[in-house]
**Q** 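What follows is a single structure, and I will ask about it in a moment.
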Amino acid sequence: MGNVLIIGAGGVGNVVAHKCAQVPKVFSKIVLASRNIEKCRNIQQSVKEKTGRIIDIAQVDADDVPQTVELIKKVKPDVVINVALPYQDLSIMDACLETNVNYIDTANYEPKDTPKFEYKWQWAYHERFKSKGIMALLGCGFDPGVTNVFCAYAQKKFYDKIKTIDILDCNAGSHGHPFATNFNPEINIREITQNGKYWEKGKWIETKPLEIGFDFNYPEVGAKKSYLLFHEELESLVKHVKGLERIRFWMTFSENYITHLRVLQNIGMTRIDEVEFDGKKIVPLKFLKALLPDPSSLGTNYEGKTVIGCVFDGIKDGKQKKVYIYNVCDHAKCYDEVKSQAISYTAGVPPVIGAMLIIKNIWKENGVFNVEQLDPEPFMEMLNEHGLPWKQVDFPSSILEK
Ligand code: NDP
């Protein structure tokens, strides 16, 4: 039915390749391309073992637009799934524009020198995508991604007006390493060491990094300390959920993780500016990345679960209503299925669903869109079918009102 080009052969790229291969009716041809062909080859082998399908592989430097254009012209995909790094978003979008191909990613564009977590550069492509009659679907991972779909679904099904949203992301798993990040260390550490920020009554309120935290009682895993962070979906949801009064994002971190991070920060290892070392210039965070375990290698002994979802408070038929929508994902089960831990799994399944909706012409818009702008119902159904089932419960607790 359709061709897909996946760019990026990391932890998330591995899941995307496996999940596309599981749906031959939709993805008749799959090409996985990345900077390092060896990584593509390993994934190709794993996909063959798990599904019996042989996917094609290619080498590409996605920072180089002409190279990416050439690859797209050769593959002729209906959609490009970008699961390289946020630094490549704009160059891959440029290549899609030049070749008239739909685009999906899971993280907003980031300039290399300053962490920003802003959509403005990608939103600026809207008119160009629109005039070409193609679609760019932004932030279609789990968070951002599924959390945005949960918001659109709650809005459509349960509320006349959503007043507050709290997005809660818990990883209650254990990988057995003293310190490791679950996805690309550079992006992960940049996200956590920046100031926290949330939105209330029309204003952004800034906090120090990990300054605010509380114990939230997560389903299936129990109470876990959760810290307020800024996360990129807050920016698009503030724009697209009308009448919203407050939105916050929370993520769990263990004491052990925070202590390691604090030490690394205090000694300058999380810096993203260049420093002189032995006559060379190095970026400490990039050097740290080279020392830490590769996130795609963490799956082997990973145990425990992730629980990610949204708590809503608002009004339906004149009455207050609170709802919690969430997914629970088991690290070991993900590893059994696709040889990846649950963080890569939860991020890798949603862009595959997005690609299916685009190929099947169910999500058919021209321009640049965040997932909450599209009909959430087919996506919610497909989450249940493709490995990320969700639950919805009434949520009477007032714990989030502090
Ligand atoms: P990894 O670092 O494991 O993988 C990134 C891959 O992209 C690597 O194979 C890397 O190649 C490749 N790559 C980097 N630069 C280029 C380039 N210029 N050209 C071609 N390939 C390139 O990261 P993850 O798989 O953990 O994450 C992938 C993306 O998913 C990130 O953008 C991350 O922010 C996002 N993400 C989103 C989540 C969500 O829920 N929304 C959750 C988790 C991740 P090489 O091996 O040569 O370095």
Side-chain angles (χ1 to χ4, degrees), residues 5-18 31-43 57-65 67-68 71-72 80-92 95 104-110 112 115 117 119 122 137-150 167 169 171 180-192 231-233 236 249 251 285-286 289-290 292-299 306 308-309 327 329 334 338-354 370-371 388:
L5 170 63
I6 305 159
I7 302 183
V12 181
N14 175 60
V15 177
V16 173
H18 278 84
V31 181
L32 172 65
S34 198
R35 195 161 51 180
N36 174 344
I37 191 83
E38 257 329 289
K39 289 201 176 173
C40 300
R41 219 183 299 287
N42 293 340
I43 294 175
I57 56 172
Q59 197 276 327
V60 73
D61 178 357
D63 288 322
D64 182 333
V65 178
Q67 223 186 88
T68 313
L71 177 68
I72 295 177
V80 171
I81 300 181
N82 165 18
V83 278
L85 295 179
Y87 313 125
Q88 280 79 53
D89 286 6
L90 299 187
S91 51
I92 300 177
I104 299 180
D105 68 30
T106 64
N108 66 207
Y109 167 71
E110 276 291 292
K112 282 194 176 136
F117 300 100
Y119 278 114
Q122 291 182 278
L137 185 58
L138 306 185
C140 191
F142 204 100
D143 46 341
V146 174
T147 47
N148 305 51
V149 176
F150 286 169
I167 303 171
D169 178 332
N171 178 12
T181 62
N182 292 293
F183 64 95
N184 186 278
E186 224 180 298
I187 305 298
N188 188 220
I189 291 175
R190 279 166 75 138
E191 193 172 84
I192 298 162
H231 220 239
E232 62 199 61
E233 63 264 51
S236 71
F249 182 95
M251 192 178 268
L285 185 55
K286 282 191 191 291
K289 179 187 174 215
L292 290 175
D294 182 343
S296 61
S297 72
L298 294 177
T306 61
I308 316 175
N327 161 264
C329 198
C334 295
V338 298
K339 292 208 174 152
S340 275
Q341 31 84 352
I343 308 290
S344 304
Y345 190 92
T346 51
V349 173
V352 177
I353 296 178
N370 293 89
V371 281
L388 293 177

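Indexing begins at 1, ligand by ligand and atom by atom, following the structure's order. As a basis for the values below, the full set of heavy atoms in this structure was taken, side chains included, without hydrogen atoms, waters or symmetry mates. All residue numbers refer to positions in the sequence shown, counting from 1. Keep in mind that this is a model prediction, so the values were computed, not measured.
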**Q** Exactly which residues line ligand 1, taking a heavy atom under 4.0 Å from it as the test?
**A**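 Answer by chain and number: G8, A9, G10, G11, V12, S34, R35, N36, K39, V60, D61, A62, D63, V83, A84, L85, P86, Q88, T106, A107, G141, F142, D143, P144, F183, N184, I187, A347.
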**Q** Not counting sequence neighbours, which residues clear ring-ring contact (aromatic ring centres under 6.0 Å, His included) with H18? List them please.
**A**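 In terms of ring-ring contact (aromatic ring centres under 6.0 Å, His included), with neighbours along the sequence ignored, H18 is linked to no residue.
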**Q** Between D89 and N82, is there a side-chain donor-acceptor contact under 3.5 Å, judged purely by atom types and distance?
**A**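 Short answer, yes.
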**Q** Are any side-chain N or O atoms of T147 and backbone N or O atoms of P144, one a donor and one an acceptor, separated by less than 3.5 Å?
**A**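 No, because the side chain of T147 does not come within donor-acceptor range (under 3.5 Å) of the backbone of P144.
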**Q** Once the angle between the rings of F142 and F150 is folded into 0 to 90°, is it parallel (under 30°), tilted (30 to 60°) or perpendicular (over 60°)?
**A**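 The arrangement is perpendicular - the two ring planes meet at more than 60°.
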**Q** By the definition side-chain hydrogen bond (donor to acceptor under 3.5 Å, both in side chains), identify the one residue from D64, T68, D105, D63 that meets it with Q88.
**A**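 With Q88 as partner, D64, T68, D105, D63 yield a single side-chain hydrogen bond (donor to acceptor under 3.5 Å, both in side chains), made by D63.
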**Q** Minimum heavy-atom separation for N182 to S344, with atom names?
**A**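 For N182 versus S344, the nearest heavy atoms are O-OG, 4.4 Å.
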